[in-house]
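Accompanying notes for the structure given below.
On a predicted model such as this, the values are computed, not experimentally measured, just so you know. Each chain gets a letter, A, B and so on, in the order its sequence line appears, and its residues count up from 1.
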Amino acid sequence: MPAPKPVPPKKADPARLYRAVRRIRRVEEEVARIYPSDKIKSPVHLSIGQEGIAVGVCDPLEPRDAVSGTYRGHATYLAKGGNLNAMMAELFGKDTGCARGKGGSMHLVDMKANVLGCSAVVGTTVPVAAGFAMAQKMRKTGAVVACFLGDGASEEGCFPETLNFAALHKLPVIFVCENNGFAIHEPLAKRWATDKLCERVRTYGIPAVRFADSDTVKIRDHIAKALPAMRKGGGPIFLECMTWRWREHVGPGEDYDAGFRSKADLAKWQKKDPVVVLAKKLDKKVKAAIDAEIEAELAAAVQFAETSPWPDAKELYSDVFA
Amino acid sequence: MPAPKPVPPKKADPARLYRAVRRIRRVEEEVARIYPSDKIKSPVHLSIGQEGIAVGVCDPLEPRDAVSGTYRGHATYLAKGGNLNAMMAELFGKDTGCARGKGGSMHLVDMKANVLGCSAVVGTTVPVAAGFAMAQKMRKTGAVVACFLGDGASEEGCFPETLNFAALHKLPVIFVCENNGFAIHEPLAKRWATDKLCERVRTYGIPAVRFADSDTVKIRDHIAKALPAMRKGGGPIFLECMTWRWREHVGPGEDYDAGFRSKADLAKWQKKDPVVVLAKKLDKKVKAAIDAEIEAELAAAVQFAETSPWPDAKELYSDVFA
Amino acid sequence: MSSRKKLPPPPLTWPGRMEDGRRVLRYVDALSEAVALEMTRDEKVFLFGLDVDDHKSIQGSTRGLLERFGKDRVFTTPLSEDAMTGVAIGAAMAGMRPIHVHIRMDFLMLCMNQIVNIASKARYMYGGQVKVPMVVRSIIGKSWGQGAQHSQALHSLFMHLPGMKVAAPSNAHDAKGCTIAAIRDDNPVLMMEHRLLYPTEAVVNEGAYVVPPGRSRVCRFGRDVTIVGVSNMVVEALRAAELLSEAGVSAEVIDPIWLAPLDTDTIIESARRTRKVLIADNGWLNCGASAEIAARLAEALAGEGPIQIKRVGFAPTPCPPSPELENAFYPNPGTIAAAAYALAKPDAPAWAPDPAATKLAYQLQFKGPF
Amino acid sequence: MSSRKKLPPPPLTWPGRMEDGRRVLRYVDALSEAVALEMTRDEKVFLFGLDVDDHKSIQGSTRGLLERFGKDRVFTTPLSEDAMTGVAIGAAMAGMRPIHVHIRMDFLMLCMNQIVNIASKARYMYGGQVKVPMVVRSIIGKSWGQGAQHSQALHSLFMHLPGMKVAAPSNAHDAKGCTIAAIRDDNPVLMMEHRLLYPTEAVVNEGAYVVPPGRSRVCRFGRDVTIVGVSNMVVEALRAAELLSEAGVSAEVIDPIWLAPLDTDTIIESARRTRKVLIADNGWLNCGASAEIAARLAEALAGEGPIQIKRVGFAPTPCPPSPELENAFYPNPGTIAAAAYALAKPDAPAWAPDPAATKLAYQLQFKGPF
Ligand SMILES: Cc1ncc(C[n+]2csc(CCOP(=O)(O)OP(=O)(O)O)c2C)c(N)n1
Ligand SMILES: Cc1ncc(C[n+]2csc(CCOP(=O)(O)OP(=O)(O)O)c2C)c(N)n1
Ligand SMILES: [Mg+2]
Ligand SMILES: [Mg+2]
């Protein structure tokens, strides 16, 4: 029943977008709720507040297209159609998990939905995504790869290395930098000499756009417009999406008492909450129906995870080699 | 008798600059001459044709300033006042070599002259140079570090990582990219998505200038002008110096028969030969005297290397640890 | 060492005192105390790395340093481990004494080029003209669902390199002494700490002292079998030794403390008596620390007559997060005791201690994530 | 294997033929032939890496491939080893079969993050959903003045990793068979080639064949001592064995061929007979391949009675370029023979072969630089 999205629509559909952001929000809220029970034994990096970006980017993608997410990857996984039951089971460490209990929250993967595996080492997925895109080019599939990274990841040398290579070979990569202003607790000011990231990316010949509000519809339309040329060998594009992580870096709570960022900033960003913004565009009844559907799906997923079996001890040794 | 240069002159002195480029040229020609005898058992990467850059950058530097060179490091080593006898002995693998026979041509070093050790792994010296510069800043010595790198080295992730860090911390680093258009035999077109290197460097807030002809005097004056601000915490600067490697990538010969670049291009660059250009500014007698001095010094250096003892076998085990 | 075991199970008020007045300190606090002492003594010492200056202060191990020494000597960096390692090397060559901190050992794989190709070789390939007095602090995260990339103990990669030193303190006393020794060492030193040891306490003198390389410690004397433990495996081996003693086997437990240079003389001496050696490494076996120790033992002793050598360590797999799998991935006091028992009593039926007795306080105490 | 020794010393016209009509091929040409065959068979195979397409063609080992398969399947890259490794991994995950070439093994230190944290773990940590059929070709440059950063043999770093395979062919036959096996393998495989072996010749069949992991080869049978050689040390051990036989010692020589997975059964079987084992590695000892082999031998055999094990390898220093120092840095047939002799005849006076007899044709042939 989940993962709907066989053919992407030509136009932004508010109901569809709302459904997607709301679903991710609710899944993560549920994860946060369950977390203190210690049933989830895997560090969770919630993207609450940032969901609109993943949804905006993934909405126009086709099944053949791929996404590559970070350890903060629940949103990308779900937005691209990753299986919810398998995700929840993975967080619980169950054999039915998407990585059969061998990945955890930071390594979600669903190759059937073309969700490439996430990685806990910042930046590592960026060149891997480019390699996946290179294979698409070599095999002329016309597929593109959306590669998500944080502002922190952009500081790793493999990022400019990958930009150069992707531009040189005109690889079909959508680089999406989710700039939430922090790497764990360290602000940009301590890490970036300047904030001219888009300018820098343009020097590789890659079109780069900054989305100051990261409006879901605007991002969606930008991608939808870019896709045809990319599918024909037009090369990579880059998006810098300004955003805000509502919760703490890792774990279910908040971190405003730590003093490194303020609740006032949160309030500012909450005004742009994609769930609220998109909800406003919907008829109340439509919204209520969607919400109910999501709750049912979510409850089923938790139930699935809870009742799924643990991996057998001998599975420790399986899949080391193919 | 060698390594003259206690206090850098206020102004470009053609005789002095000529002496420096001519000396490097002759040293390398002599290395090339000796090479086939197999007395030098260390791969040599000659900078013949590129000497003007090292000389232009190093001329205004003070003894307290440092340079960091690449495996193509003979020119930087000599331009900064590295000991010639010790260099020649190092190429011969002798105990009197600057690295006591444990470095070879690619690892020249002379810490007394503040010539930081060169490295054979492309790009590795770039962050090391920045670290050396950071120490200058921490200890408030007012010294700067000139960090040389090739166009190829600029592709390694550690280069942008270092640019960002150096700009963020306003480190006194002069980044000098010697862009000779090739990494071994691979042209820029196969490696760079665009040639907007200076533009890219500027996005870090680092002033960047391209020298299309790499005129020794122009480079020299540019550095001389930049130094006072850098000594006071003004932060790094960047130079892209277009140039041409006359000889083959490694070894004493030429490589125009290999077909990947043309002798016509060589001829074009030879018209800008810094040795010739600077010689023209000198009185014939002055030039002759300098030339004679250089020959004497060079002959003495080869003699020194030839007659120096081999390292004792037990030296294999020394200096693994300090 | 054994003093620790006398501590009452609930943590003391901190910094605590033994009944005889000696101070006990947690491993995590011993680390920051060591750095604070050295930064006070020598202004060339500085500490940097991702997140060393935030409120979590590398799980507490850099706590107070920013406040005390200021942001010029205690600072975070961009996410650029490769270049930052080069920066540390360059600063060290210029006479500073950097401490570069990594919250997980896994991230050191980004630093390999600088560590292998420059740091470990600089003194040699520059003919003794430079030295690189640099400390790289890294922490092993025992999994608790962290998964394959946040749990690695990669010490053997560094033990392989001439020119590198490697310390793996198993207790608060050594954590402090090794850190101070590392900072004072004129060579690159890798500190391998273990996250789960952070809350463990030991008697730690207040002043500066060094636990230098070159001397393994016999933590517990025994007759029947020698157990060598690496990092937290020392603690687990000590517990295993208690369990073994209940089963009538007297185990000697040795902590190499420093893995490079590695003192195998102490181990060889013990093995010459017991002729049965179990090496419990907190890492993979292939080409691991356990392989080196076993090889040296074999070279030194196997020609003299029968000697039984066995290794236990991580399963030959990446580390899985699912709890059951993860438990099976790691050696523990039960598996260590069982293996040692089999060595000591080859003819007796196989024995393993009651699983309930093999859970260690310092592990149970921990709740993820970190 | 032994056929090679029957070849006349000056190289045959190439590709040469034995008197019995069998073809001999150089190691370097066997490498490119293997890739050409596989690229013909499977269009998913492609080859990339710095300088694979220039006129020097990685010292000849990629010769002709560009011409034959075109620039979409044979291409150079920017100097970005870290990202290019990730690109290879990503392409492999998408079903391609990349061969990523490095002209020196030293440069792999830039690839460690991708290899350790992604390639070797991807299949496992993604629950079997992906595979990473990637080949990493790397070449050891025996020094000839190359110095510390251009001479390393770092195979043990990769042997340490679950999920990685490592091949180290010592002759042209295996170079071809291992390369084909590596390309067909569904896992990341590191090929460790040796530059000085490139001109050596062996009988090499014309079609495709595999030399798969899992089986060490006994290259020469002997009674008194077992010598295990790694990479070019196999060749040097074979020469040592000849010298030893002149001194009345019968040496068995074993080539593991693949270092991971490592077949130690064959070695153990031999050692069970000779009870004297010398391991000659082309690398450092600490936590090296030699440590692993020694450890496994000790675990398997030392309890049964006396067994003598000894390792020789690189000196525990970076590699110096000065010729005298460099000579002392490497094991050679003379030092291998002397060490094996001491094991075989512990009570006889020390013996070493005439140094003139220990120089190997394949080394003398080489003139730097490369
Ligand atoms: C290579 C590496 N260095 C450091 C870390 C520790 N770390 C985990 S998340 C993180 C912050 C990353 O910030 P960003 O890329 O902006 O992503 P965000 O968490 O903000 O989504 C850091 C430094 C890591 N996982 N990997
Ligand atoms: C990390 C690394 N990759 C590859 C090589 C092989 N290599 C040696 S020199 C060189 C070219 C470097 O080009 P550039 O930086 O432009 O310097 P140039 O030789 O032109 O002076 C390459 C690829 C190396 N030494 N180190
Ligand atoms: Mg961020
Ligand atoms: Mg160049």
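Note on D/Glu326, D/Lys56, D/Met109: by heavy-atom pairs under 4.5 Å with chain B, the leading option is D/Lys56. The choice from B/Ser105, B/Gly104, B/Gly152 that makes the most heavy-atom pairs within less than 4.5 Å of chain D is B/Gly152. Chosen from B/Gly97, B/Ser318, B/Gly103, the residue pairing most often with chain D at heavy-atom distances under 4.5 Å is B/Gly103.
At a 4.5 Å heavy-atom cutoff, the contact between D/Asp54 and chain B is made by backbone and side-chain atoms alike. Neither the backbone nor the side chain of B/Asp319 comes within less than 4.5 Å of any heavy atom of chain D. For B/Ala313, the part sitting under 4.5 Å from any heavy atom of chain D is the backbone (N, CA, C, O) and nothing else. Looking at D/Phe107, the atoms closer than 4.5 Å to chain B (heavy atoms on both sides) all sit in the side chain, from C-beta outward. In this structure, the portions of B/Val121 lying under 4.5 Å from any heavy atom of chain D include both its backbone and its side chain. Contact of B/Tyr317 with chain D is made through backbone and side chain together, with heavy-atom distances under 4.5 Å. Contact of D/Ser80 with chain B is made through backbone and side chain together, with heavy-atom distances under 4.5 Å.
Remark: of the listed residues B/Glu155, B/Lys190, B/Glu186, B/Glu156, B/Glu155 is the sole one forming a side-chain contact (heavy atoms from CB on, under 4.5 Å) with D/Pro78.
Counted by atom type alone, D/Gln149 and B/Ser119 present one or more donor-acceptor pairs between their side chains at under 3.5 Å.
Residues D/Gly145 and B/Pro43 come closest through the heavy atom pair O-CD, 3.2 Å. When all heavy atoms of D/Pro318 and B/Val320 are compared, the closest pair comes out as CD-CG2, 4.3 Å. Taking both residues in full, the closest heavy atoms of D/Asp51 and B/Ala183 are given as OD1-O, 4.1 Å, listed atom of the first, atom of the second, then distance.
In this structure, NZ in B/Lys41 is found 12.5 Å from CD in D/Gln146, a value given to the nearest 0.5 Å. The structure places OG of D/Ser322 at 11.5 Å from CG of B/Leu91, a figure rounded to the nearest 0.5 Å.
A 6.0 Å sphere centred on NZ of B/Lys94 holds more than 12 heavy atoms belonging to other residues, nucleotides or ligands.
In this structure, the side chains of D/Glu324 and B/Glu315 stay at 4.5 Å or more apart for every pair of heavy atoms.
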**Request:** Please test B/Arg191 against D/Leu79 for side-chain contact (heavy atoms from CB on, under 4.5 Å), starting from the C-alpha separation and ending with a verdict.
**Result:** CA-CA 8 Å; B/Arg191 303 181 284 114; D/Leu79 279 79; 4.3 Å; yes

